[in-house]
Number of protein chains: 2
Amino acid sequence: MNLGQATIKDIAKALNVSPSTVSRALKDYPGISEETRKKVKDLAEELNYRPNAVALSLRQSKSFTLGVIVPEVVHFFFSTVISGIEEGALVNGYNVILCQTNEQYEREVKMVDTMISSQIDGLLVSHSRETKDFSHFKRLLDRNFPIVFFDRLPEIENTVSVIVDDFMGAYDAVAHLILQGYRDVLHLAGPKNLKISEQRLSGYRKALQDAGLPVREDRIIPCPNGTLEESQTHCSLLFSGTDRPDAVFASNDMAAAGAIEALKALGISVPETVGVVGFSNWQFSSMIAPPMTTVAQPGFEMGSRAVSLLLQCIESGKYNPTTEVLPTALIPRASSQRKK
Amino acid sequence: MNLGQATIKDIAKALNVSPSTVSRALKDYPGISEETRKKVKDLAEELNYRPNAVALSLRQSKSFTLGVIVPEVVHFFFSTVISGIEEGALVNGYNVILCQTNEQYEREVKMVDTMISSQIDGLLVSHSRETKDFSHFKRLLDRNFPIVFFDRLPEIENTVSVIVDDFMGAYDAVAHLILQGYRDVLHLAGPKNLKISEQRLSGYRKALQDAGLPVREDRIIPCPNGTLEESQTHCSLLFSGTDRPDAVFASNDMAAAGAIEALKALGISVPETVGVVGFSNWQFSSMIAPPMTTVAQPGFEMGSRAVSLLLQCIESGKYNPTTEVLPTALIPRASSQRKK
DNA sequence: TCCATTTACGCAAACGTTTGCGGTGACGAT
DNA sequence: ATCGTCACCGCAAACGTTTGCGTAAATGGA
């Protein structure tokens with residue numbers, strides 16, 4: 001029980017005026033005498049009055065609260081995005097209520113439901129890996145409820161969203177490997193039903209093609225879980241054979257790290273024999289041995305851009321479909337640079 | 001505008017009954033005919049009725065929302081705790097609204113304020129590094145508002161809190177170094193006004209004393225920022241001198257990693273010449289070279305325990321001061337084990 | 001002195017929900 | 001015909017706030 005928080009009524013009663021007067025006095029509305037205004041404000045100050053946001057929400061059908069749905073919180077990229085969202089929300093006077101789906105579709109659906117009943121003003125979503133049916137979002141959009149998607153785009157037409165340029169990121173990474181003299185690049189691909197995986201794969205393909213190199217389908221290994229072990233298993237198998245690639249481009253840093261581990265274990269030197277490039281620029285990527293080349297994604301910026309777009313929708317009442325694409329940046333480190 | 005969400009009133013109007021009847025029918029209260037009950041429930045289902053949580057909050061002075069205040073979101077340990085909080089809240093039907101202070105006192109105070117006006121039912125707090133005045137929490141506690149502190153304890157008597165056994169963690173770490181034959185252990189200490197830093201320092205001291213080794217005050221270097229660079233700077237200076245320690249125990253993994261970097265740069269081999277142990281078991285600690293010995297903190301468990309304690313306070317209305325201490329676990333890896 | 005205007009405030013409804021209390025009608029018993 | 005007993009339902013208030021409208025007193029002008 002939140003005992004003792006002063007309300008407008010309390011102030012009104014104490015001053016023998018009506019709640020309306022107090023409300024108007026506090027907000028400097030016209031039609032209130034200087035004297036009353038001062039008395040009200042002084043007492044409000046003294047009682048440490050804070051408006052009850054819940055009552056305001058109910059009254060105004062606006063909660064100044066945004067919902068955020070992410071697959072995981074313990075995740076360098078997503079936590080960075082969340083941080084950006086937090087900041088953006090704060091400066092605009094919004095609160096953030098947070099949910100993680102743990103990559104589970106059912107939880108995602110449920111969370112959307114509870115958030116809606118919490119009367120959030122808008123939703124920021126990066127959907128789960130399992131999600132193939134997007135009707136729980138579609139329903140809301142059809143009702144004109146504002147949702148901004150980030151990083152992972154749903155299969156819905158005409159949404160407002162923010163992504164990074166996964167295609168170019170991948171392209172740059174692979175082109176960089178080729179420039180370094182690597183010719184046979186293995187791709188550790190992400191979950192198939194994620195657009196980002198698709199895009200990164202396309203970038204990989206295009207870079208090879210542009211360099212006149214063949215695209216071998218057996219050089220594309222799906223690593224849907226994105227764990228270190230998964231990629232390690234695949235790589236140690238593949239690099240013990242005779243038909244070995246001479247480089248690895250992984251769809252995420254974890255997989256890349258797994259590849260490095262596997263290569264180390266096999267006694268294959270990185271980057272001399274095999275070059276490795278990851279994706280995301282996770283914290284650890286600069287700290288492992290050798291420091292890993294990777295593609296940086298502007299997570300914080302993605303978060304703040306997403307909030308901006310969402311607030312724009314909320315405040316204008318319009319939902320103008322756009323997809324904002326943030327640039328990636330290749331961070332060249334030792335793992336992909338052959339000593340000259 | 002959240003257009004078209006059906007309300008109890010809508011159902012009532014459509015069925016020509018009163019809102020009260022609808023409310024009772026939906027909740028299976030007695031005194032409603034089977035027929036009416038069914039009609040109400042069917043229509044509610046059809047209209048996809050969801051109770052308006054805001055109205056409920058206002059009516060019941062209970063929001064089923066918890067506030068969480070952390071210094072940073074992009075932080076392996078804190079994001080793990082947040083994850084635990086999330087889960088705990090979810091299974092108990094609570095929402096979580098999240099704020100990061102960025103280690104700034106002023107923001108902390110402000111956040112507490114806005115959360116209170118959002119009518120949260122309780123607060124979970126790990127205070128900022130800057131915070132020395134805890135009156136913004138004290139005020140609430142005095143009013144019987146439930147707060148559970150985690151990881152970083154405020155200087156307030158009789159709180160409910162969850163911490164890890166920083167003392168023992170540090171003790172174990174240093175004892176381990178000594179057992180490995182290291183004799184002159186440097187301590188990279190955390191921010192002085194954090195209890196955790198104090199505790200870890202005490203553990204360090206005690207372990208040295210118990211082993212009959214001297215505690216040299218000049219072997220205790222404060223690293224208040226906890227960045228890689230900070231520790232790197234200190235260590236490269238210290239280890240270029242002649243009076244060199246032969247081991248490093250850092251108050252956090254980042255600092256330890258900085259030490260390793262500095263040592264590598266100086267051509268000093270880890271662990272052969274100098275052993276290094278960190279604190280927290282951040283993700284990267286197992287992946288750097290050499291894999292780093294560190295002290296694991298049960299972040300997720302801390303989060304879920306903190307929620308449990310908070311909900312207990314909320315639901316019982318009682319605030320029984322306790323400090324729950326979770327065990328740490330030394331994770332021995334290469335960085336501290338001399339080859340035999 | 002009287003009317004018109006302004007100043008300063010209160011009433012009441014509304015947001016969506018819950019709940020104590022009261023009321024209506026049907027029915028059986030007397 | 002009267003009464004009591006149910007089963008079923010509605011009224012109204014309440015949570016804290018805002019706001020259109022109404023109204024009293026005070027002021028101004030003639």
Side-chain angles (χ1 to χ4, degrees), chain A residues 1-41 43-44 47-65 93 114 116-121, chain B residues 1-41 43-44 47-65 93 114 116-121:
Chain A
M1 197 143 46
N2 188 3
L3 286 172
Q5 265 295 69
T7 73
I8 278 195
K9 291 188 180 181
D10 296 331
I11 300 181
K13 223 168 281 176
L15 259 40
N16 250 329
V17 295
S18 77
S20 349
T21 303
V22 176
S23 174
R24 284 189 262 251
L26 288 173
K27 310 198 112 194
D28 284 325
Y29 276 20
I32 303 292
S33 71
E34 207 39 66
E35 193 195 338
T36 311
R37 192 195 311 281
K38 183 162 171 16
K39 279 201 293 184
V40 168
K41 285 193 175 177
L43 187 57
L47 297 181
N48 193 33
Y49 167 77
R50 293 288 177 277
N52 182 324
V54 170
L56 279 175
S57 293
L58 187 57
R59 177 72 225 264
Q60 316 186 338
S61 319
K62 181 141 172 43
S63 62
F64 286 96
T65 300
T114 73
I116 289 304
S117 74
S118 295
Q119 306 298 111
I120 52 169
D121 293 337
Chain B
M1 198 141 46
N2 187 3
L3 285 172
Q5 265 293 66
T7 74
I8 277 195
K9 291 189 179 180
D10 296 332
I11 301 181
K13 223 167 279 176
L15 258 42
N16 250 329
V17 295
S18 77
S20 349
T21 303
V22 176
S23 174
R24 283 190 261 252
L26 287 173
K27 312 198 110 193
D28 284 324
Y29 276 18
I32 304 293
S33 72
E34 204 41 63
E35 193 196 338
T36 312
R37 191 193 311 281
K38 185 163 168 15
K39 277 200 296 186
V40 169
K41 285 193 175 178
L43 186 57
L47 297 181
N48 193 34
Y49 168 76
R50 291 286 177 279
N52 181 325
V54 169
L56 280 176
S57 293
L58 186 57
R59 178 73 228 263
Q60 315 186 341
S61 320
K62 181 140 174 43
S63 63
F64 286 96
T65 301
T114 72
I116 289 303
S117 74
S118 295
Q119 306 299 110
I120 53 169
D121 294 336

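Lettering of chains follows the sequences in order, A, B, ..., and the numbering in each one begins at 1.
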Q: What are the two closest non-hydrogen atoms of A25(B) and K41(B), and how far apart are they?
A: O-CE, 3.6 Å
Q: Roughly, in whole Å, what's the span from NZ in K13(B) to C1' in dG10(D)?
A: 16 Å
Q: Mapping G31(A) and A55(A) onto DNA chain C by nearest heavy atom, which one lands closer to the 5' end?
A: G31(A)
Q: Working to the nearest 0.5 angstrom, can you tell me the gap between K13(A) NZ and K9(A) NZ?
A: 7.0 Å
Q: Figure out the NZ/P separation between K27(A) and dT17(D), and round it to whole Å.
A: 11 Å
Q: Do the side chain of S117(B) and the main chain of R50(A) share a donor and acceptor less than 3.5 angstrom apart?
A: no
Q: Do you know the tightest heavy-atom contact between A44(B) and L26(B)?
A: CB-CD2, 3.8 Å
Q: For D10(A) and dG16(D), give me the distance from atom CG to atom P, rounded to whole Å.
A: 8 Å
Q: Taking S118(B) for its side chain and I120(B) for its backbone only, find out whether a donor-acceptor pair lies under 3.5 Å.
A: no
Q: For N52(A) and dC15(C), give me the distance from atom CG to atom P, rounded to whole Å.
A: 18 Å
Q: Anything under 3.5 Å between a protein N or O and an N or O of nucleotides 10-14 of chain C, put it in a table, one pair a line.
A:
from, atom 1, to, atom 2, distance (Å)
dG10(C), OP1, S18(A), N, 3.2
dG10(C), OP2, S18(A), N, 2.8
dG10(C), OP2, S18(A), OG, 2.9
dG10(C), OP2, T21(A), OG1, 2.2
dG10(C), O6, R24(A), NH2, 2.7
dC11(C), N4, S20(A), OG, 2.9
dA12(C), N6, S20(A), OG, 3.4

Q: Considering non-hydrogen atoms only, spot the tightest contact between V54(B) and S57(A) and give its length.
A: CG1-CB, 3.6 Å
Q: Which part of the nucleic acid, if any, lies within reach of S57(B) when heavy atoms closer than 4.0 Å are counted: base, sugar-phosphate only, or nothing?
A: nothing
Q: Using a 3.5 Å distance criterion without hydrogens, assess whether the side chain of R37(A) forms a donor-acceptor pair with backbone atoms of I32(A).
A: yes
Q: Give the rounded distance in Å between these two atoms: NZ of K62(B) and P of dT17(C).
A: 19 Å
Q: Between L43(B) and L15(B), does the side chain to side chain contact (heavy atoms under 4.5 Å, CB included) criterion hold? Intermediate values first, please.
A: CA-CA 9 Å; L43(B) 186 57; L15(B) 258 42; 3.3 Å; yes
Q: Mind calculating the distance between CG (L15(A)) and P (dC9(C)) to the nearest angstrom?
A: 10 Å
Q: Using only side-chain N and O atoms of Y49(B), determine if any of them is under 4.0 Å from OP1 or OP2 of dT17(C).
A: yes
Q: Would you please test T7(B) and N52(B) for side chain to side chain contact (heavy atoms under 4.5 Å, CB included) and show each step?
A: CA-CA 8 Å; T7(B) 74; N52(B) 181 325; over 6 Å; no
Q: Let me know, please, whether Q60(B) or Q60(A) comes out on the 5' side of the other along DNA chain D by nearest nucleotide.
A: Q60(B)
Q: Restricting both atoms to N or O, compile the protein contacts to nucleotides 23-25 of chain D shorter than 3.5 Å, with distance only.
A:
none

Q: F64(B) CZ to dT17(C) P: how many Å, rounded?
A: 16 Å
Q: Among dT17(D), dC9(C), dC9(D), which nucleotide sits nearest the side chain of S33(B)?
A: dC9(D)
Q: In terms of side-chain heavy atoms of Y29(A), which of dT17(C), dT19(D), dC9(C) is nearest?
A: dT19(D)
Q: From the set dC9(C), dT19(D), dG16(D), return the single nucleotide nearest to any side-chain atom of S23(A).
A: dT19(D)
Q: Give me the atom names and distance for the closest heavy-atom approach of F64(A) to D121(A).
A: N-OD2, 2.6 Å
Q: Measure CG/L26(B) against C1'/dC9(D) and give the value in whole Å, please.
A: 15 Å
Q: Mind checking if P30(B) touches a base, just sugar-phosphate, or nothing, with heavy atoms under 4.0 Å?
A: nothing
